[in-house]
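Worksheet: one structure, shown below.
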Amino acid sequence: MVKSKYQSVLDLGQELNIENGDVSEENGVLKIKGTAKNQYEKNLLWDKIKAVGGENPTDINADIKVADTSVFARHTVKSGETLGKIAKQYYGDPSKYQKIFAANSDILKNPDLIHPNQELIIPNL
């Protein structure tokens, strides 16, 4: 029963290809564990858990590790994106585009020039 309540969390875990994923139910508590690629994906999972179960859910126990803690995320540029749009997606603040630009100065020479399929590092703040 708890598993069906959190099905959207499990679906997101599959979509993100969480590694070493394990789901079990014990005494009405759903236990999930696995390893997200980066902190951003871990945050996405926690946001989904809280959206379903509230700020401090008691019917789910999640142990989510992060494989790569050196970056917040990695992002492949899509057509029409700007650094501001990407900063808004990851940080909720478009003005933080400068942090992304600085972290990618090896491949970016101008913050207004990014190209589809470039892989950008989204740094930890």
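Residue indices begin at 1 and follow the sequence shown.
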Discussion item. I'd like to check Q89 versus Y40 (side-chain heavy atoms, cut-off strictly below 4.5 Å). Are they in contact?
Written reply: yes
task: Side-chain contact test, heavy atoms from C-beta onward, threshold under 4.5 Å: evaluate it for L120 versus I86 and give yes or no.
output: yes
Side-chain (Q14) to main-chain (D11) donor-acceptor, under 3.5 angstrom: no
Donor-acceptor under 3.5 Å (N61 side chain, L30 main chain): no
- Query: Distance-only, no hydrogens or angles: does the K78 side chain make a donor-acceptor pair with backbone N or O of P116 under 3.5 Å?
  - Reply: no
So do I32 and I49 actually touch side chain to side chain, heavy atoms under 4.5 Å? yes
CD (E119) and CG (N104) are apart, to the nearest 0.5 Å, by 9.5 Å
Discussion item. Could you check whether E81 and H75, counting side-chain N and O atoms only, form a donor-acceptor pair closer than 3.5 Å?
Written reply: yes
- N117 atom CG, neighbour heavy-atom count above 12 within 6.0 Å: no
Salt-bridge contact K37-E41 (side-chain N to carboxylate O under 4.0 Å)
yes
Worksheet item: Is there side-chain contact between V23 and Y6, with heavy atoms separated by less than 4.5 Å?
Response: no
Here the gap from S70 atom OG to Q39 atom CD, rounded to the nearest 0.5 Å, amounts to 12.0 Å
Cluster question for you: counting only ILVMFWY and a side-chain heavy-atom cut-off of under 4.5 Å, with indirect links fine, are V66 and L44 together?
no
- If you measure from the Lys or Arg side-chain nitrogens to the Asp or Glu carboxylate oxygens, is any gap between D68 and R74 under 4.0 Å? yes
Item checked: Same apolar cluster: L125 and L108, side chain cutoff 4.5 Å -> yes
For P111 and Y97, the nearest pair of non-hydrogen atoms, with its separation, is CB-CE1, 3.8 Å
inquiry  = Let's go through I121 and F72 carefully: what are the C-alpha distance in whole Å and the side-chain angles of both, what is the deciding distance for side-chain contact (heavy atoms from CB on, under 4.5 Å) to 0.1 Å, and is it a yes or a no?
reply    = CA-CA 8 Å; I121 289 169; F72 185 63; over 6 Å; no
dist L83:CG -> K99:NZ (nearest 0.5 Å) comes out at 14.0 Å
Carboxylate-amine/guanidinium proximity below 4.0 Å for E25 and K31 = no
Exercise. Are side-chain heavy atoms of K5 and D59 found at a separation under 4.5 Å?
Worked result: yes
- With side chains defined as the heavy atoms from C-beta onward, is the minimum distance between V9 and L45 less than 4.5 Å? yes
Exercise. Same cluster or not: are V71 and I122 linked, directly or through other Ile, Leu, Val, Met, Phe, Trp or Tyr residues, by side-chain heavy atoms under 4.5 angstrom apart?
Worked result: no
Between K42 and the options D47, I64, T69, the side chain to side chain contact (heavy atoms under 4.5 Å, CB included) test singles out I64
### Message
When you group the ILVMFWY residues by side-chain heavy-atom contacts below 4.5 Å and let the links chain together, are W46 and Y91 in the same group?
### Response
yes
Are P123 and Y90 packed together at the side-chain level, in the sense that at least one heavy-atom pair is separated by less than 4.5 angstrom?
no
Distance col, row K109:NZ vs I114:CD1, nearest 0.5 angstrom, shows 15.0 Å
So CG of N38 and CG of L16: to nearest 0.5 Å the spacing works out to 9.0 Å
d(K33 NZ, D22 CG) to nearest 0.5 Å is 5.5 Å
For residues K48 and S8, determine if any side-chain heavy atom of one lies less than 4.5 Å from a side-chain heavy atom of the other. yes
Kindly indicate, with the supporting measurements, whether the criterion salt bridge (Lys or Arg N to Asp or Glu O under 4.0 Å) is fulfilled by K88 and D93.
-> CA-CA 4 Å; K88 184 164 177 37; D93 181 355; over 6 Å; no
